[in-house]
Number of protein chains: 2
Amino acid sequence: MSQIESILKNSTLSVTTGRKRILEIFLSSNNALAHQDIESQCADEYDRVTIYRTLQTFLEKGIIHNIPSTDNITRYALCNEACIVSGHHHDNHVHFKCDSCGKTVCLDEVTIPKVQLPKGYTMKEINMVVNGVCKTCR
Amino acid sequence: MSQIESILKNSTLSVTTGRKRILEIFLSSNNALAHQDIESQCADEYDRVTIYRTLQTFLEKGIIHNIPSTDNITRYALCNEACIVSGHHHDNHVHFKCDSCGKTVCLDEVTIPKVQLPKGYTMKEINMVVNGVCKTCR
DNA sequence: ATGATTTTGCAACAAAGTTGCATTCCCTGT
DNA sequence: ACAGGGAATGCAACTTTGTTGCAAAATCAT
Ligand SMILES: [Mn+2]
Ligand SMILES: [Mn+2]
Ligand SMILES: [Zn+2]
Ligand SMILES: [Zn+2]
């Protein structure tokens, strides 16, 4: 059984060609992908709606996580391990978006530092996104 | 001269009723606002396109900053001081989005902690967004 | 292999964002 | 106070993005 198939099986998802293709696109990319990025790679093979639904499914199953940004475009990246605990992701790495090449990457080795919230606030998820210039663009 | 007018004047913007109205909406709100939030408060007075253009102008002038989120909705909040330096904002406070009431707020008193990027990466802006339950919803 | 269940494609729709252009408004100088 | 030039606005048309219902197709357990 291939890596791709076991990812799907482990998440109790049926193995369909569409899901395998989208997973393959993620695995062969070294940066985060927006819906549009995926669509432009397989719009001839799969319907737009299928891509939306597949991304949604992957999110819920903890196969991918989404990365916030100020440009109104949510990007997605593979989760390293099973990272769904009681309904929400617990990724704890920093994300970086390059102002020059536009690419967004997971900085898996950079952990989000702790932060003290004011009294009364409960923390479920935390996201940190850094903008700047990446190492290939400088 | 009113507070609202001086904000516009200080940013070398002409004082129009639309800009004053949108500023007023921000000033009277205690949470961050999405385009849609503003539109629903003044759609009868001003065109959708004007709101888009006004938010864009305010952003560029450093009157408001935008807050990233994973739900594909950018929200905006007033900047505390002039926070535009060489073309980019330098807000350094944490943002909080409540999963219960959906409101996003600036935690002005919580400073984003420093983080060490890998070699070769240059930091321009940094954003931190925490999800959870706010003090009024718990 | 068969049938129940899930996934997909299609169509239709709704919402969000963009652009060009004519009109209106604001500001400056007189 | 007024006129003229430049900036902002409204409107229309359009593109892009996201959603929903339903019938056809694919997947999976038996
Ligand atoms: Mn990541
Ligand atoms: Mn803020
Ligand atoms: Zn780059
Ligand atoms: Zn709340």
Side-chain angles (χ1 to χ4, degrees), chain A residues 1-2 4-26 32-61 63-64 66-76 102 104, chain B residues 1-2 4-26 32-61 63-64 66-76 102 104:
Chain A
M1 183 159 59
S2 72
I4 288 177
E5 287 194 10
S6 47
I7 292 173
L8 294 172
K9 291 264 174 69
N10 287 342
S11 300
T12 61
L13 289 175
S14 48
V15 178
T16 68
T17 54
R19 285 172 178 170
K20 285 196 287 183
R21 180 78 180 91
I22 291 176
L23 260 185
E24 183 190 305
I25 291 173
F26 274 110
L33 300 171
H35 170 94
Q36 177 56 51
D37 299 324
I38 295 163
E39 196 180 322
S40 62
Q41 282 192 58
C42 64
D44 47 336
E45 308 166 68
Y46 301 101
D47 195 76
R48 249 161 36 82
V49 178
T50 300
I51 299 172
Y52 279 113
R53 294 196 270 223
T54 302
L55 290 174
Q56 189 56 41
T57 302
F58 285 2
L59 256 189
E60 286 162 3
K61 291 294 187 175
I63 296 174
I64 58 176
N66 56 8
I67 302 165
S69 85
T70 50
D71 63 6
N72 252 346
I73 300 173
T74 300
R75 293 175 182 81
Y76 305 87
T104 298
Chain B
M1 183 161 58
S2 73
I4 287 176
E5 287 194 8
S6 46
I7 291 173
L8 294 172
K9 291 263 174 70
N10 287 343
S11 301
T12 62
L13 290 176
S14 47
V15 178
T16 68
T17 54
R19 285 171 178 169
K20 284 196 288 185
R21 181 76 180 94
I22 290 177
L23 261 184
E24 184 189 304
I25 291 172
F26 274 109
L33 300 170
H35 169 93
Q36 178 55 54
D37 298 324
I38 295 163
E39 197 181 319
S40 63
Q41 284 193 58
C42 65
D44 48 335
E45 308 165 70
Y46 302 101
D47 194 79
R48 250 161 34 86
V49 178
T50 300
I51 299 171
Y52 279 114
R53 293 196 270 226
T54 302
L55 290 174
Q56 188 56 41
T57 303
F58 285 2
L59 255 190
E60 286 162 4
K61 292 293 189 177
I63 296 173
I64 59 178
N66 54 9
I67 301 165
S69 85
T70 51
D71 64 4
N72 250 347
I73 300 172
T74 300
R75 293 176 181 80
Y76 305 87
T104 298

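Because only heavy atoms are used, hydrogens play no part in the values below, and waters and symmetry mates are left out as well, while side chains stay in. Chain letters run A, B, ... following the sequence lines, proteins first and then strands; every chain starts at 1. Keep in mind that this is a model prediction, so the values were computed, not measured.
If you take CD1 of A:Ile51 and C1' of C:dC10, they are 14 Å apart, rounded to a whole angstrom. Between the CD1 atom of B:Ile73 and the P atom of D:dG18 there is a distance of 11 Å, given to the nearest Å. Rounding to whole angstrom units, CD of residue B:Gln56 and C1' of C:dA16 are separated by 15 Å. When the C1' atom of C:dG9 is taken as reference, atom CD1 of A:Ile22 falls 14 Å away, rounded to whole Å. When rounded to the nearest whole Å, the span between CG of B:Asp47 and P of D:dT9 equals 10 Å. Between the CG atom of A:Asp71 and the P atom of D:dT17 there is a distance of 12 Å, rounded to whole Å. Rounded to an integer number of Å, the gap from CG of B:Leu55 to P of C:dA16 is 14 Å. Rounded to an integer number of Å, the gap from OH of B:Tyr76 to P of C:dA16 is 13 Å.
Although no hydrogens or angles enter the test, the distance criterion places no donor-acceptor pair under 3.5 Å between the side chain of A:Asn66 and the main chain of A:Tyr76. Between the B:Thr50 side chain and the B:Tyr46 main chain, no donor and acceptor come within less than 3.5 Å of each other.
A:Arg48 contributes no side-chain N or O that forms a donor-acceptor pair with the base of C:dG9 under 3.5 Å. Side-chain atoms of B:Arg53 stay outside donor-acceptor range of the base of C:dG17, with no qualifying N/O pair under 3.5 Å.
DNA chain D lies under 4.0 Å from no heavy atom of any residue of residues 38-46 of chain A.
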Review point. Does the pair B:Ile51 and B:Ile22 meet the rule for a side-chain contact (heavy atoms from CB on, under 4.5 Å), with working shown?
Key: CA-CA 8 Å; B:Ile51 299 171; B:Ile22 290 177; 4.2 Å; yes

Check your understanding: Can A:Leu33 and A:Ile64 be said to form a side-chain contact (heavy atoms from CB on, under 4.5 Å), step by step?
Key -> CA-CA 10 Å; A:Leu33 300 171; A:Ile64 58 176; over 6 Å; no

Exercise for review: Could you go through the side-chain contact (heavy atoms from CB on, under 4.5 Å) check for B:Ser69 and B:Thr104 one step at a time?
Suggested key: CA-CA 9 Å; B:Ser69 85; B:Thr104 298; over 6 Å; no

Exercise for review: Carefully, step by step, assess A:Phe26 and A:Ile7 under the rule side-chain contact (heavy atoms from CB on, under 4.5 Å).
Suggested key: CA-CA 12 Å; A:Phe26 274 110; A:Ile7 292 173; over 6 Å; no

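Looking at B:Ser2 and B:Lys20, their side chains never bring a donor and an acceptor atom within 3.5 Å of each other.
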Exercise for review: Report, as a single string ordered 5' to 3', how protein heavy atoms within less than 4.0 Å touch nucleotides 25-30 of chain D: B base, S sugar-phosphate only, - not at all.
Suggested key: --SS--

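When the side-chain nitrogen and oxygen atoms of A:Asn72 are compared with OP1 and OP2 of C:dG17, one or more of them lie within a distance under 4.0 Å. Within the 4.0 Å cut-off from OP1 or OP2 of C:dA16, at least one side-chain nitrogen or oxygen of B:Gln36 is found.
Here the closest non-hydrogen pair linking A:Arg48 and A:His35 is O-CE1, 3.8 Å. Of all heavy-atom pairs between B:Arg19 and B:Phe58, the closest is O-CZ, 3.8 Å. Summarising the geometry of A:Thr70 relative to B:Thr74, their closest heavy-atom pair is O-OG1, 3.6 Å, with the distance given to 0.1 Å. Listed here is the closest heavy atom pair of A:Arg21 and A:Gln41: NH2-O, 3.6 Å. Here the closest non-hydrogen pair linking B:Ala32 and B:Arg75 is CB-CB, 3.8 Å.
For A:Thr50, counting side-chain heavy atoms from C-beta on, the closest listed nucleotide (D:dT9, C:dG9, D:dT19) is C:dG9. For A:Arg19, taking side-chain heavy atoms from C-beta onward, the closest of the listed nucleotides C:dC10, C:dT7, D:dG18 is C:dT7.
Counting only Watson-Crick and G-U wobble pairs whose two key distances fall under 3.5 Å, DNA chain C forms stems of three or more stacked pairs at C:1-30 with D:1-30.
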